Amino acid sequence: MTFRVLITDNVHEECASFLRARGCHVDVKPSLTKEELLKAVKEYDAIIVRGKTKFTREVLMEANSLKVIGRAGVGLDNIDVEAASQKNIKVVSTPQASTVAVAEATMALMLALMRMIPEANRTLKEGMWLKNKFMGCELRGKTLGIVGFGRIGKAVAKRALSFEMRVIAYDVRDIREEASAMGVEVAESLEDLLKRCDILTLHIPLNKSTRGLIGERQISLMKRGAVIINTSRGGIIDTKSLLKALKEDKLSGAALDVFEHEPPQTDEEWELIKLPNVVVTPHIASQTHEAQRSAGIMIAEEVLKALNDTKITGTR
Ligand code: NAD
């Protein structure tokens, strides 16, 4: 009997090869309109996505054939997990596949910001030799504050320590043992971490309790001239507060891979992006060949396992 699987959002091609080699009927569509998604949840046993396709409650309530949603990557904020569980739809993901890619992107953004590499690159390519304009700062000796000491937070800590940074972490879990094994200090609270770091980096999921976690009050606790790196989710930092802090020189810079709206929509988001002391990338932290291939294969394995578990006996 054949499972029907739809793959969308540009999941790595080895995902489809893996499932086809194991007898699944696989359709691949790089992106879906809402109407196509509403139709698909009535036709397929499983749908595999990255972050673009949104499984809202409205969509999931229409699902009468869907048994499994596979999210190639980490972060389930594009899926209403509660609604999926109400409809008995299993949600699986590959949280470990992109850890190194995001940690390396975080270091890349941190270095780019501290050494003003995007501006130096742009001006030289435009024919200007502005050697004296670009006086950077070293990472060595700076205090890095990590919010969220999970997979990515720890991978960033490991890399930051090799740059001779002092690393302090804060997590809602008890991380004392993991942190001390790595030579990382633990902050007593988020406020404590904010007061002590020169560079703040966020590695937490976006949910009801973390939306807007870094707002005006939190930024006000930070050292004047500190910087923020965000490769987690845009909604965790309040855009207006960040923009204000940068314009008032409370913060000396920010490096952002993620935005409240993607692509950005509001005037504030665009004003923030265009500031010279803000380095930006369009949500590419996990976009490496290695991470996408590994996410594609891992999600195919997970989805097939979940489909077998649900004991569906074939095509509708
Ligand atoms: P993880 O689950 O391993 O770690 C998250 C950690 O955050 C956990 O230890 C958790 O206890 C902690 N946490 C949760 N809420 C917190 C709070 N309010 N304060 C402090 N700590 C809190 O996840 P991960 O694999 O490290 O990924 C972290 C996040 O990175 C993901 O949720 C995702 O949003 C983001 N991400 C972004 C990209 C990208 O392309 N930019 C790619 C992958 C992941």
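Everything quoted here is computed from the prediction, not taken from an experiment. Just follow the structure's listing: the first ligand is 1, and inside any ligand the first atom is 1.
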Any idea which of [options] brings a heavy atom closest to [atom]?
| atom | options | answer |
| --- | --- | --- |
| atom 26 (O) of ligand 1 | Ile152, Thr281, Thr231 | Ile152 |
| atom 9 (O) of ligand 1 | Val258, Val147, Asp171, Leu190 | Asp171 |
| atom 7 (O) of ligand 1 | Ile204, Val156, Ile146, Ile236 | Ile204 |

Which heavy atom of the protein is the closest neighbour of [atom], given with residue, atom name and distance?
| atom | result |
| --- | --- |
| atom 36 (N) of ligand 1 | Arg233 NH1, 3.7 Å |
| atom 43 (C) of ligand 1 | Val74 CG1, 2.7 Å |
| atom 17 (C) of ligand 1 | Val172 CG1, 3.6 Å |
| atom 1 (P) of ligand 1 | Arg151 NH2, 3.5 Å |
| atom 18 (N) of ligand 1 | Thr210 CG2, 3.5 Å |
| atom 39 (C) of ligand 1 | His283 NE2, 3.4 Å |

Indicate yes or no: does an N/O atom of Thr99 lie under 3.5 Å from an N/O atom of ligand 1? no

Return a yes/no value for Ser209: is any of its N or O atoms, backbone included, closer than 3.5 angstrom to an N or O of ligand 1? no

Proximal ligand 1 atoms for [X], defined as those under 4.0 Å from one of its heavy atoms:
| X | answer |
| --- | --- |
| His203 | 5 (C), 6 (C), 7 (O), 28 (C) |
| Ala285 | 39 (C), 40 (O), 41 (N) |
| Ser98 | 43 (C) |
| Asp257 | 39 (C), 40 (O), 41 (N) |
| Val102 | 38 (C), 42 (C), 43 (C) |
| Ser286 | 40 (O), 42 (C) |

If hydrophobic clusters are built from ILVMFWY residues whose side chains come within less than 4.5 Å, do Val41 and Val91 share one? yes

For the CD1 atom of Ile204 and the OG1 atom of Thr210, what is their distance to the nearest 0.5 Å? 5.0 Å

Is NZ or CZ of Arg159 both nearer than 6.0 Å to the six-membered ring centre of Phe163 and within 45° of the ring axis? no

